[in-house]
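First the structure, in the form of structure tokens, and then the observations on it.
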Amino acid sequence: MQSYPAAFGTADNPAQTGSTAVNSLGYTYQNIPMDSTYRIVQSFAHSGSSLELSFEALGLQIPEDESWGIDNVTVTIQ
């Protein structure tokens, strides 16, 4: 069990829990389709004049076993 998008490391959820699409990207592991995509919306207060966002993954195994990507990041100021 791993954490998928909920709680970022503190919740145990089965793979693909809450995903918006499953096996849609064409990635396989041992010739079995195994990918999922998630829509994550995150809001936070910020009052500084600049902002730096860092997207990281640490402690992953080889890319053929564990990998991730990010696409379509939108930052909105209100």
Do you reckon Val41 sits in the same ILVMFWY cluster as Val75, going by side-chain contacts under 4.5 Å, direct or chained? no
For Gln16 and Val22 the tightest heavy-atom approach is NE2-CG1, 3.3 Å
Out of curiosity, does Leu60 fall in the hydrophobic cluster containing Tyr29 (side-chain heavy atoms, cut-off under 4.5 Å, transitive links)? no
Leu51 with Ile70, same ILVMFWY side-chain cluster at under 4.5 Å: yes
Say whether, by atom type as modelled, one donor and one acceptor occur between the side chain of Thr20 and the main chain of Thr37 under 3.5 angstrom. yes
According to a hydrophobic-cluster definition based on side-chain heavy atoms being under 4.5 Å apart (Ile, Leu, Val, Met, Phe, Trp, Tyr only), do Ile77 and Leu53 belong together? no
Distance, nearest 0.5 Å, that separates OH of Tyr38 from CH2 of Trp68: 14.0 Å
